[in-house]
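Report on the structure given below.
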Amino acid sequence: MEAHLRVVGPMNGKFVFHKRPDGTIDKGKVVCLECKKEFAYHRSSSSLAYHLNAKHPAASAATASSEDVSNIASQSKAFRQTKLENTPRMSKSATDRLTNVIAKWIAMNCRPINIVEDEGLTEVLQIASNDPSYKPPCRTTVTTKISKMYDGEKKNKLEILAEDSPKISTIGTDSAANMLAAMRTLPYEHIACNAHILQRTITVCLDSSGFVGVLAKCRKIVGHFKQSPASTTELNQQQVALGKKSDQLIQDVPTRWNSTLAMVSRLLCNREAVQATLDQQNHRLVLPTEAEWAKLQRLELLLEPCKYVTELLGGEAYVSCSVVLPAFRHLYRVMDITDDDPAYVVKFKNAFQKDLAARRANGNEIWFEVATALDPRFKDLKCLPREKREQVWTIVENMLQAAEPRRADSLQPSTEDDGPAQKKRRSELLLGSDSDSEDGIESGELQRYRAEPSISIDDCPLQWWYAHSGVYEKLSVLAQKYLASPATSVPCERLFSLAGHIVQKKRAALLPENVTRLVCLSDWLRKKK
């Protein structure tokens with residue numbers, strides 16, 4: 001019976017619980033097995049150990065040996081646990097830097113904030129940091145970081161805008177009636193988006209010329225392959241067999257600029273592969289005839305300069321306002337009718353010149369003329385008729401007489417590097433002069449500026465004015481005002497597209513202020529990088 005009543009603890013085996021006369025167990029008392037003496041027991045074995053050491057040394061030694069073995073095992077186990085806890089972990093500073101980088105990545109690349117909860121991202125970061133215990137920051141932390149990042153960037157922008165005043169001189173919009181009505185109530189110069197003007201002209205000309213039928217056939221062909229993965233696979237096989245790149249066909253979209261040219265160019269490049277694929281299929285498509293393929297080639301030649309001008313005027317990292325008149329002058333030259341043009345090309349060119357001139361008639365031409373004159377690349381004004389040039393210089397002279405001198409320290413050179421093809425195409429803007437420009441008669445800054453040699457088409461006008469701001473104190477300020485205006489609203493369109501990437505089906509609950517932060521940060525951080 002005593003074997004079942006032994007005290008559990010360090011003195012196990014030397015004491016048992018007291019048994020009452022009625023056979024029940026009293027766990028408040030224990031009995032020494034050596035001398036049968038009773039002791040009070042309250043879960044502490046100190047008095048029991050003292051009794052063994054004093055009265056039963058032999059039994060105490062045996063118990064100590066057993067406890068020593070237990071202690072050694074316990075110390076060994078503790079040693080192994082300490083070894084696991086000494087695994088290298090990231091320092092707090094390294095963790096903070098990684099958190100900042102994650103927040104910047106999410107803001108700049110428009111990633112959803114809940115991406116920090118992905119197990120895959122956690123595993124990647126643990127392997128990269130060599131810290132198996134690392135956990136990405138929670139959504140609240142990332143949101144707070146992004147908010148602080150936005151506040152800091154916004155403060156910097158406001159400080160830059162507060163250096164000089166006023167900063168707003170022009171507002172660019174499309175030619176919608178509501179936009180025009182709004183601009184009539186504002187005290188700023190209105191710059192109509194030249195990319196919108198050009199795109200609307202192209203659309204009208206395509207609808208009224210002889211390209212409607214063949215473009216409808218192209219759209220049906222592209223749609224046939226877009227809606228059938230099997231047909232697309234067969235097309236890719238034919239492209240490889242013909243030694244061409246496996247490119248997907250492009251469908252034109254009315255709201256996407258230059259998409260019609262992209263569709264036509266891709267079809268012309270893959271004409272043989274498309275025909276070979278369709279010959280092996282049962283379909284009801286009507287393929288273009290040889291004459292219609294020739295029309296598409298003509299259309300490609302007509303739209304290619306329009307695409308170049310749209311992309312040139314839509315830039316935001318270089319001066320574009322002063323390029324408007326040379327660019328459109330180049331388009332008018334391209335659209336000149338020749339004796340070799342067939343009737344449908346003549347119709348397209350006539351419609352293009354007439355519609356483009358009508359849309360630009362209500363534009364702010366004086367602003368573009370002054371900007372062109374203040375651009376050292378185009379200051380000879382070859383893009384204007386001879387009788388118009390002196391009128392522009394008279395306007396500039398009147399502006400100088402009313403201007404206050406101020407240094408243009410904020411003029412900064414452009415850092416954008418254009419490719420050889422774009423530089424070659426841009427040089428075409430210098431062609432098409434009606435006559436040579438004359439020497440000026442004005443005195444002072446304007447006379448010296450007109451006597452300066454024109455700079456290369458590849459040079460940055462802002463860099464030139466920054467270097468000559470001490471010589472042309474008034475002119476440099478005037479140049480800063482006119483050259484800084486963008487020629488199109490394309491940069492704003494890019495931000496609208498960026499907002500579309502952020503506000504998605506899975507992120508429809510974003511607060512407006514959070515959308516603003518993400519859109520602004522993505523644009524600011526990309527430009528800073």
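The first residue of the sequence shown is numbered 1, and numbering continues consecutively from there. Heavy atoms only: backbone and side chains are in, while hydrogens, waters and symmetry mates are out.
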Should the heavy atoms of other residues, nucleotides or ligands under 6.0 Å from [atom1] of [X] be counted, would the total exceed 12?
X	atom1	answer
Glu272	CD	no
Ile366	CD1	no
Lys154	NZ	no
Arg256	CZ	no
Lys217	NZ	yes
Lys349	NZ	yes

With Arg200, which residues qualify under salt bridge (Lys or Arg N to Asp or Glu O under 4.0 Å), at least two apart? none
Can you tell me if Ser476 and Ser469 form a side-chain donor-acceptor pair at under 3.5 Å?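 Distance-only check fails for Ser476 and Ser469.
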Quiz question: by atom type and distance under 3.5 Å, do the side chains of Asp355 and Thr201 form a donor-acceptor pair? yes
Assess whether a salt bridge exists between Arg219 and Asp252, defined as any Lys/Arg side-chain N lying under 4.0 Å from an Asp/Glu carboxylate O.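 Salt bridge between Arg219 and Asp252, a charged N being under 4.0 Å from a carboxylate O: yes.
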Would you mind checking if Glu290 and Arg271 are paired as a salt bridge, meaning a charged N to carboxylate O distance below 4.0 Å?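 Yes.
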Any heavy-atom pair between the side chains of Leu518 and Arg507 that's under 4.5 Å?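 Contact flag for Arg507/Leu518 side chains = yes.
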Taking the side chain as everything from C-beta on, heavy atoms only, tell me whether Ser175 gets closer than 4.5 Å to Ile197. yes
Using the rule ring-ring contact (aromatic ring centres under 6.0 Å, His included), only one of Trp465, Tyr466, Trp464 pairs with His468; which is it?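 Option passing the ring-ring contact (aromatic ring centres under 6.0 Å, His included) with His468: Trp464.
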Which residues pass the side chain to side chain donor-acceptor pair (under 3.5 Å) test with Ser209, not counting sequence neighbours? none
Using every non-hydrogen atom in the two residues, find where Cys218 and Leu296 come nearest and quote the distance to one decimal. SG-CD1, 3.6 Å
Taking ring pair (Phe, Tyr, Trp, His ring centres under 6.0 Å) as the definition, give me every residue that meets it alongside His190, ordered by chain and number, with sequence neighbours left out. none
